[in-house]
Amino acid sequence: MVTIRTVQNIKLGAKITFVNGIYAIICAILYFIFFEFLMTINFSKIEGASWGFFDKFNPAIGSLFFRLFLLVALVIIAMGAAIMYLSYNIMKKKEKDLWVVLFIVGMIFWTGLFTIETLNKNYYTMIFSFIGWLSFIIGMLIPIKYYLEKPYTEY
């Protein structure tokens, strides 16, 4: 049975994940803006390596790192937009299929990003990705009771 409280929980969870998508886009913009700083931190974890030295004396490979970082930022923006789109549709339609897709997309994205940042040992980006992962989980857990009890539509 769908109660007013259930609908409020679904909308609250969808709003949290919608904001989570906006957060992902903001993180991607910050990745791009602070590229030099983040690369300096990433290279400082490698013994005997310095991003400034590497970028100055090997600009061709340095530009490849820049393009790779830009690509990562664009993927984060795309995932943020996908999370926002799915969350918006969940607010309107409250379908279980959309919720499952959002759950899978968000878990793969945030868990993967957090894992990569943990392997990079970059604490700044690790904290950003952990906050994103945690807020996504919270947005998913609020309406979970409704979606676990709701049957799939069969065609």
Side-chain angles (χ1 to χ4, degrees), residues 8-144 146-148:
Q8 289 173 342
N9 284 345
I10 294 168
K11 286 186 177 184
L12 177 62
K15 286 177 186 176
I16 290 171
T17 55
F18 186 84
V19 170
N20 181 268
I22 294 170
Y23 176 78
I25 293 172
I26 291 169
C27 282
I29 293 168
L30 291 175
Y31 270 48
F32 186 69
I33 290 171
F34 294 110
F35 165 75
E36 291 286 334
F37 175 71
L38 294 173
M39 288 306 287
T40 302
I41 291 173
N42 288 345
F43 269 75
S44 71
K45 304 298 179 187
I46 304 169
E47 187 174 324
S50 168
W51 170 249
F53 182 81
F54 184 80
D55 192 35
K56 182 177 180 182
F57 292 107
N58 210 339
I61 296 178
S63 71
L64 287 176
F65 275 106
F66 174 75
R67 289 184 216 151
L68 181 63
F69 217 75
L70 179 62
L71 179 63
V72 168
L74 291 175
V75 168
I76 293 172
I77 289 172
M79 294 309 290
I83 289 171
M84 289 171 59
Y85 176 76
L86 290 167
S87 298
Y88 179 76
N89 280 321
I90 287 171
M91 281 189 264
K92 298 298 175 198
K93 299 177 186 175
K94 298 166 199 60
E95 291 181 11
K96 184 175 185 174
D97 298 339
L98 288 173
W99 186 82
V100 170
V101 171
L102 176 63
F103 183 77
I104 292 169
V105 166
M107 286 305 294
I108 291 171
F109 168 65
W110 284 114
T111 306
L113 187 62
F114 181 65
T115 303
I116 292 299
E117 298 306 342
T118 302
L119 293 174
N120 280 344
K121 297 178 185 169
N122 187 336
Y123 297 110
Y124 297 105
T125 53
M126 195 186 315
I127 290 169
F128 276 129
S129 58
F130 180 75
I131 291 169
W133 177 79
L134 189 62
S135 66
F136 182 80
I137 292 296
I138 291 169
M140 288 281 100
L141 288 178
I142 291 173
I144 197 167
Y146 168 75
Y147 284 116
L148 289 177

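Here, residue 1 is the first one in the sequence, and each next residue gets the next number.
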Report yes or no: does [X] contribute a side-chain atom to a donor-acceptor pair with the main-chain N or O of [Y] at less than 3.5 Å?
X    : Y    : result
N122 : Y124 : yes
N20  : G132 : yes
Y23  : F128 : yes

Just verifying a value: how many Å separate [X] [atom1] and [Y] [atom2], rounded to the nearest 0.5 Å?
X    : Y    : atom1 : atom2 : answer
I33  : L38  : CD1   : CG    : 11.0 Å
I76  : C27  : CD1   : SG    : 7.0 Å
K15  : L12  : NZ    : CG    : 7.5 Å
N120 : N42  : CG    : CG    : 4.5 Å
E117 : L119 : CD    : CG    : 9.0 Å
M91  : L86  : CE    : CG    : 11.0 Å

Check your understanding: Does the separation of the ring centres of F114 and W110 fall below 6.0 angstrom?
Key -> no
**Study point:** Centroid-centroid under 6.0 Å between F109 and F136 rings
**Key:**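 When the ring centroids of F109 and F136 are compared, they turn out to be at least 6.0 Å apart.
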Check your understanding: Within a strict 4.5 Å, meaning less than it, do heavy atoms of the M79 and L113 side chains meet?
Key -> no
Review point. Is the closest side-chain heavy-atom distance between E95 and I90 below 4.5 Å?
Key: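 SC-SC contact between E95 and I90 ruled out.
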Nearest heavy-atom neighbours spanning [X] and [Y]:
X    : Y    : result
T125 : Y31  : CB-OH, 3.4 Å
T17  : S87  : OG1-OG, 2.7 Å
W99  : M140 : CZ2-O, 3.4 Å
S135 : I16  : O-CG2, 3.4 Å
A73  : A28  : O-CB, 3.3 Å
M84  : F18  : O-CD1, 3.4 Å

Practice item. Measure up the F37 and F34 rings against each other and bin them: parallel (under 30°), tilted (30 to 60°), perpendicular (over 60°). Key: perpendicular
Practice item. Apply ring pair (Phe, Tyr, Trp, His ring centres under 6.0 Å) to F69 and F32, showing your working. Key: CA-CA 7 Å; F69 217 75; F32 186 69; 8.8 Å; no
Check your understanding: Near F35 CZ, under 6.0 Å, is it more than 12 heavy atoms from other residues, nucleotides or ligands?
Key ->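 Yes, CZ of F35 has more than 12 neighbouring heavy atoms, counting only those of other groups under 6.0 Å.
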Practice item. Let me see the working for I41 and K121 under side-chain contact (heavy atoms from CB on, under 4.5 Å), right down to the final yes or no. Key: CA-CA 9 Å; I41 291 173; K121 297 178 185 169; over 6 Å; no
